[in-house]
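FYI, side chains are in, hydrogens and waters are out, and symmetry mates aren't considered; it's all heavy atoms of this structure. One-based numbering, in listed order, for ligands and for the atoms of each.
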Amino acid sequence: MIVTIDGVAASGKSSVASGVARRLNIPYVSSGLLYRAATLLALEAGTDLGDAPALIALLSGSPLRLEPLPEGNRIFLTPVGEQETGAERDLTADAHTSAVDAGVSALAQLPELREWVNAQLRALTPPFVAEGRDMGTAVFPQAQAKFFLTASPRVRALRRVKERLEDVAEVEAALVARDAKDKAQSAPAADAQLIDTSTLDLSGVIAAVLRGLHQPASSDLS
Ligand SMILES: Nc1ncnc2c1ncn2[C@@H]1O[C@H](COP(=O)(O)OP(=O)(O)O)[C@@H](O)[C@H]1O
Ligand SMILES: Nc1ccn([C@H]2C[C@H](O)[C@@H](COP(=O)(O)OP(=O)(O)O)O2)c(=O)n1
């Protein structure tokens with residue numbers, strides 16, 4: 001079984017995917033974490049976020065390992081020279097900074113980078129919950145159940161500042177700008193169930209998804 005949870009930035013995808021996956025006792029997979037880790041490595045290496053061949057070359061020499069932990073995915077890099085020792089660097093926290101937020105959409109619009117991410121996702125063995133932007137459309141169109149989360153920009157910004165202690169108006173503007181840049185790959189699947197999470201708490205959204213696993217496609221659960 002594959003369940004997809006797509007949605008706009010900070011709509012609750014990873015928290016909801018984690019909660020649903022734990023209830024179903026299966027892993028969940030964060031596709032955004034792969035885009036974020038690639039962006040972090042590019043920023044650190046000074047690689048142009050629009051230069052697909054240079055990015056692919058950088059990533060080919062930077063072995064990444066996505067660990068689909070139920071309580072939150074983590075991503076690890078084996079740094080150059082550490083292949084023998086097996087020592088890894090945990091990139092997860094550094095992949096969630098405002099600098100990565102600001103750069104990730106440029107990299108994510110490159111077809112070569114999307115293929116790099118998608119190949120890793122398609123190599124995974126089901127069952128799992130996959131979350132991102134295009135899980136139910138481009139990557140796993142065959143998924144058994146698909147969801148698309150939205151929430152108003154202000155609600156999403158208020159949720160994010162609880163994590164990062166930044167200015168709400170600035171965070172809201174950055175979220176809206178990123179939604180616009182990610183629009184091409186962020187359309188809901190025709191058979192996705194839409195959930196507006198603006199007035200639901202996390203357990204309410206998880207419950208709506210669990211109910212929706214048994215609903216016909218294309219119903220509005222909000
Ligand atoms: N329905 C909700 N009600 C309240 N807070 C939520 C809800 N959904 C998510 N959150 C909180 O909002 C923040 C962003 O959620 P997250 O799962 O990281 O979103 P995304 O993966 O879409 O970026 C997190 O701090 C999370 O705990
Ligand atoms: N399937 C995906 C997942 C993420 N992306 C891109 C677009 C997003 O701005 C970044 C980061 O995604 P992520 O899901 O981690 O971001 P948010 O938690 O929603 O802020 O990656 C994508 O293009 N396709």
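- Counting protein heavy atoms only, atom 8 (N) of ligand 1 is closest to Leu202 CD1, 3.6 Å.
- Closest to atom 4 (C) of ligand 1, if we only count protein heavy atoms, is Arg159 NE, 3.5 Å.
- Looking only at protein heavy atoms, the nearest one to atom 1 (N) of ligand 1 is Leu200 O, 2.9 Å.
- Of all heavy-atom pairs between Pro68 and Pro27, the closest is O-CB, 4.1 Å.
- Annotation for ligand 2: atoms under 4.0 Å from non-hydrogen atoms of Asp182 are 7 (C), 8 (C), 9 (O).
- Interface of Ala10 with ligand 1, defined as ligand atoms under 4.0 Å from a residue heavy atom, comprises 19 (O), 20 (P), 22 (O), 23 (O).
- Each of Asp90, Leu91, Asp94 was compared with Leu77 under the side-chain contact (heavy atoms from CB on, under 4.5 Å) criterion, and only Leu91 meets it.
- Residue Gln109 places every heavy atom at 4.0 Å or more from ligand 2.
- Rounding to the nearest 0.5 angstrom, the gap separating the OH atom in Tyr35 from the CZ atom in Arg114 is 3.0 Å.
- For atom 23 (O) of ligand 2, the nearest non-hydrogen atom from the set His96, Lys181, Gln185, Arg178 belongs to Gln185.
- In summary, the atoms of ligand 2 found under 4.0 Å from a heavy atom of Val104, numbered by their order in the structure, are 9 (O), 10 (C), 21 (O).
- With Arg156 as the fixed residue, the side-chain hydrogen bond (donor to acceptor under 3.5 Å, both in side chains) test singles out one of Thr197, Asp179, Thr150: Asp179.
- When the options Ser15, Ser198, Ser203 are ranked by their closest heavy atom to atom 15 (O) of ligand 1, first place goes to Ser15.
- In this structure, atom 18 (O) of ligand 1 lies nearest to the protein heavy atom Ser14 OG, 3.3 Å.
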Verify salt bridge (charged side-chain N to carboxylate O under 4.0 Å, His left out) between Arg74 and Glu67, making sure each step is shown before the conclusion. CA-CA 5 Å; Arg74 301 202 78 79; Glu67 191 162 5; over 6 Å; no
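- For atom 14 (O) of ligand 2, the closest non-hydrogen atom of the protein is Arg133 NH1, 3.1 Å.
- Between Pro188 and Leu194 there is a side-chain heavy-atom pair separated by less than 4.5 Å.
- Here NZ of Lys183 is found 14.5 Å from CD of Gln109. Values are rounded to the nearest 0.5 Å.
- With hydrogens left out, the protein atom closest to atom 1 (N) of ligand 2 is Asp134 OD1, 2.9 Å, a heavy atom.
- When the shell of 6.0 Å around CZ of Arg23 is examined, it contains 12 or fewer heavy atoms from other residues, nucleotides or ligands.
- Taking every heavy atom of Met135 and a limit of under 4.0 angstrom, the matching atoms of ligand 2 come to 1 (N).
- Rounded to the nearest 0.5 Å, atoms CD (Gln193) and CZ (Phe148) are 13.5 Å apart.
- For atom 17 (P) of ligand 2, the nearest protein heavy atom (residue, atom name, distance) is Arg36 NH2, 3.6 Å.
- Near Arg160, with a cut-off below 4.0 Å to any heavy atom, the atoms of ligand 1 are 18 (O), 23 (O).
- For a threshold of 3.5 Å applied to N or O pairs, the pair formed by Lys13 and ligand 2 contains at least one separation below that value.
- Only backbone heavy atoms of Ala10 (N, CA, C or O) come within less than 4.0 Å of ligand 2; its side chain stays farther off.
- Between Arg160 and ligand 2, an N or O atom pair is found at a separation short of 3.5 Å.
- Contact record, Leu34 with Gln120: CD2-OE1, 3.7 Å, taken as the closest heavy-atom pair.
- The single protein non-hydrogen atom nearest to atom 6 (C) of ligand 2 is Ala108 CB, 3.9 Å, given as residue, atom name and distance.
- Counting heavy atoms closer than 4.0 Å to ligand 1, residue Val205 contributes side-chain atoms (C-beta onward) but none from N, CA, C or O.
- Below 4.0 Å from some heavy atom of Asp201 lie the following atoms of ligand 1, by number and element: 1 (N), 2 (C), 3 (N).
- Here Ser18 contributes atom OG and Ile5 contributes atom CD1; the two are 9.5 Å apart, rounded to the nearest 0.5 Å.
- What sits closest to atom 5 (N) of ligand 2 on the protein, heavy atoms only, is Tyr35 CD1, 3.6 Å.
- With a 4.0 Å heavy-atom cut-off, ligand 1 is reached by the backbone of Lys13 and by its side chain too.
- Atoms CG and CH2, on Leu121 and Trp116 in that order, are 9.5 Å from each other to the nearest 0.5 Å.
- Of all protein heavy atoms, the one lying nearest to atom 24 (N) of ligand 2 is Arg114 NH2, 3.0 Å.
- Taking every heavy atom of Ser31 and a limit of under 4.0 angstrom, the matching atoms of ligand 2 come to 1 (N), 2 (C), 3 (C).
- Which parts of ligand 2 touch Ser105 is read off a 4.0 Å heavy-atom cut-off, strictly below it: atoms 9 (O).
- With hydrogens left out, the protein atom closest to atom 13 (C) of ligand 1 is Glu163 OE2, 3.7 Å, a heavy atom.
- The NZ atom of Lys13 sits 12.5 Å away from atom OG1 of Thr4, with the distance rounded to the nearest 0.5 Å.
- Among protein heavy atoms, atom 9 (C) of ligand 1 sits closest to Gly12 CA, 3.6 Å.
- Proximity of Arg156 to ligand 1, defined as any heavy-atom pair under 4.0 Å, is not found for any part of the residue.
- Residue contacts with ligand 1: Glu131 is placed with no nitrogen or oxygen under 3.5 Å of a nitrogen or oxygen of the ligand (distance criterion only).
- Arg36 and Thr97 are not linked by any side-chain donor-acceptor pair at a separation below 3.5 angstrom, with hydrogens and angles left out of the test.
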